[in-house]
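The next block holds one structure in the form of structure tokens; read it before the comments.
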Amino acid sequence: MNPLRGAILAASRSKRIRTTVESVAATRRVVDRFVAGQSTSDALECVHRLTGEGLLATVDHLGEEVTDDAGADATVEAYVSLLGALASKDLARGSDVSVKLTALGLAVDPAGAAERARRILASARDAGATMTVDMEHSALTDVTLDTVRALREADPSVAAVLQAMLRRTEADARSLAAEGARIRLCKGAYAEDTTVAFQHRGDVDASYQRCLAVLFASPCTPLVATHDPAMVTAALELAAAEGRAPGDYELQMLLGVRPDEQLRLRALGLQVRVYVPFGTEWWGYLMRRLAERPANLAFFARALSSRS
Ligand code: FDA
């Protein structure tokens with residue numbers, strides 16, 4: 001792995017660095033680029049703006065690695081209240097929520113986390129929205145996919161996420177795709193060992209393209225999550241070759257990353273969904289975005305040094 005990426009991912013686990021960054025008002029501007037805000041109403045405002053531009057949203061209540069029941073229950077409450085608020089503003093239909101199982105207590109109580117995910121799913125269904133289960137580090141891949149499969153028995157629209165950087169993913173793509181699932185394919189945002197993950201960009205990209213081919217040739221709905229122009233082009237070529245209409249697959253990008261490209265793809269008549277994170281626990285999320293693109297660090301460093 002690139003040493004800079006490793007250092008940034010290590011910083012994502014440092015409380016001291018987080019406290020320093022939080023004390024500098026200017027860094028809020030950087031956070032604001034990637035995060036909708038701290039409250040449910042900030043998330044609603046962002047979804048309202050995106051839908052006004054013809055884009056769809058998948059909303060993530062930020063938080064991960066929750067290890068107590070109260071914290072995990074608070075995550076459920078946050079999603080239930082978000083979904084109620086989206087429904088009340090007529091923004092739920094077509095919207096999606098992205099949920100991390102570790103925010104539901106997965107690390108300490110997998111059965112409890114699955115039960116909490118079921119409660120969020122029920123609330124999403126009532127609101128007319130869908131749900132995606134985010135994928136976290138590779139030690140959790142099996143339990144996450146098992147949980148998604150169990151949730152899909154209640155509602156087949158629940159989407160799984162696969163990470164092209166993992167060596168296992170092409171095989172996972174084949175089996176999940178055959179089940180006709182909705183599958184978000186991303187490159188993968190976590191630091192992983194060479195035994196389980198490709199370390200070189202070229203190998204990750206080649207894996208991404210192989211997985212795309214598997215998904216587009218299958219009965220699944222591919223959700224193509226990337227900002228990489230080469231991957232987007234590959235997806236559009238596969239969609240044309242397989243005769244897929246725009247609603248039969250989706251392009252997904254993160255809030256604040258290549259916003260002009262999101263609108264350009266939408267203007268072509270394609271279905272584009274934006275990942276909208278909100279909440280107070282933005283630190284780990286922001287650090288992963290910086291690790292993906294060290295060029296963003298310059299922007300971040302300028303904000304820290306201006307201290308305005
Ligand atoms: P790559 O990182 O190779 O970047 C390609 C190009 O995109 C860059 O050259 C640059 O132009 C642009 N770009 C990329 N990142 C940028 C940034 N932060 N700022 C500015 N420009 C940038 N991961 C995971 O492990 N589990 C998950 O559940 C999800 N979920 C998810 C949902 C959605 C909708 C997206 C888009 C991504 C995820 N990810 C994720 C993150 C994903 O794994 C990956 O880390 C990022 O998308 C970056 O990879 P790219 O495919 O964009 O390519």
Side-chain angles (χ1 to χ4, degrees), residues 1-2 4-5 8-9 12 30-31 33-35 50 55-60 62 64 95-103 106 130-141 144-145 147-148 158-166 169 172 182-192 196-209 211-212 222-235 249-262 264-265 271-277 282 284-300:
M1 190 200 309
N2 174 326
L4 184 55
R5 183 162 188 254
I8 300 169
L9 288 173
S12 75
V30 183
V31 179
R33 174 174 159 194
F34 295 110
V35 176
L50 292 169
L55 302 166
L56 298 170
T58 178
V59 187
D60 165 36
L62 289 165
E64 47 201 284
S95 289
D96 183 86
V97 285
S98 283
V99 178
K100 284 188 175 52
L101 293 180
T102 65
L106 179 71
T130 53
M131 172 171 159
T132 300
V133 179
D134 280 356
M135 187 57 81
E136 302 175 70
H137 53 85
S138 63
L140 302 174
T141 307
T144 303
L145 291 179
T147 306
V148 171
V158 175
V161 179
L162 295 177
Q163 298 155 318
M165 73 185 293
L166 298 188
T169 290
D172 286 334
R182 290 169 70 236
I183 304 174
R184 174 194 295 163
L185 180 66
C186 64
K187 289 191 186 179
Y190 295 81
E192 299 286 0
V196 295
F198 300 112
Q199 303 294 316
H200 299 293
R201 190 193 161 113
D203 293 333
V204 176
D205 290 357
S207 167
Y208 197 102
Q209 301 211 20
C211 294
L212 274 181
L223 311 174
V224 182
T226 181
H227 314 95
D228 188 334
M231 302 304 125
V232 172
T233 302
Y249 67 101
E250 206 166 273
L251 300 165
Q252 299 192 343
M253 295 193 187
L254 303 174
L255 185 70
V257 181
R258 306 197 71 205
D260 294 345
E261 178 66 0
Q262 296 169 12
R264 187 189 74 81
L265 292 166
Q271 190 160 301
V272 181
R273 190 176 299 275
V274 180
Y275 189 98
V276 176
W282 46 267
Y285 177 87
L286 178 70
M287 288 295 111
R288 285 197 294 278
R289 301 296 73 84
L290 295 180
E292 272 149 26
R293 189 159 160 78
N296 285 336
L297 269 180
F299 182 54
F300 193 59

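We count ligands from 1, going down the list as the structure has it; atoms in each ligand are counted the same way. Quick note: residue numbers are just sequence positions, from 1.
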- Query: Touching ligand 1 at all, Met165? Heavy atoms, strictly under 4.0 Å?
  - Reply: no
- Can a non-hydrogen atom of Arg184 be found less than 4.0 Å from any atom of ligand 1? yes
Could you tell me whether [X] approaches ligand 1 through its side chain, its backbone, both or neither, with non-hydrogen atoms closer than 4.0 Å?
X      : answer
His227 : both
Arg201 : side chain
Leu254 : both
Val161 : side chain

- Could you check which of Ala164, Ser98, Gly256, Cys186 puts a non-hydrogen atom nearest to atom 40 (C) of ligand 1?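 The residue whose heavy atom sits nearest atom 40 (C) of ligand 1 is Cys186.
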- Under the ring pair (Phe, Tyr, Trp, His ring centres under 6.0 Å) test, which residues partner Tyr249, sequence neighbours left out?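 Checked Tyr249 against ring pair (Phe, Tyr, Trp, His ring centres under 6.0 Å); matches are Phe216.
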Find all atoms of ligand 1 within a distance of less than 4.0 Å from any non-hydrogen atom belonging to [X], and give their numbers and elements.
X      : value
Gly188 : 25 (O), 42 (C), 43 (O), 45 (O)
Gln163 : 24 (C), 25 (O), 26 (N)
Met253 : 36 (C)
Asp134 : 28 (O)
Tyr275 : 32 (C), 34 (C)
Thr226 : 50 (P), 51 (O), 52 (O)

Closest protein heavy atom (residue, atom, distance) for [atom]:
atom                    : result
atom 45 (O) of ligand 1 : Glu292 OE2, 2.6 Å
atom 22 (C) of ligand 1 : Arg293 CD, 3.0 Å
atom 19 (N) of ligand 1 : Asn296 ND2, 2.8 Å

- Item | Electrostatic pair Lys100:Glu64 at N-O distance under 4.0 angstrom | no
Polar-atom distance check: [X] versus ligand 1, any N or O pair below 3.5 Å?
X      : value
Arg289 : yes
Ala189 : yes
Met135 : yes
Tyr190 : no
Lys187 : yes

- Message: Can you see whether Tyr285 has Arg289 sitting over its ring - NZ or CZ less than 6.0 Å from the centre and within 45° of the normal?
- Response: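 Yes; both conditions hold, so Arg289 lies above the ring face of Tyr285.
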- Message: Looking only at side-chain N and O atoms, does Asp60 offer a donor or acceptor that is under 3.5 Å from a partner on Ser98?
- Response: no
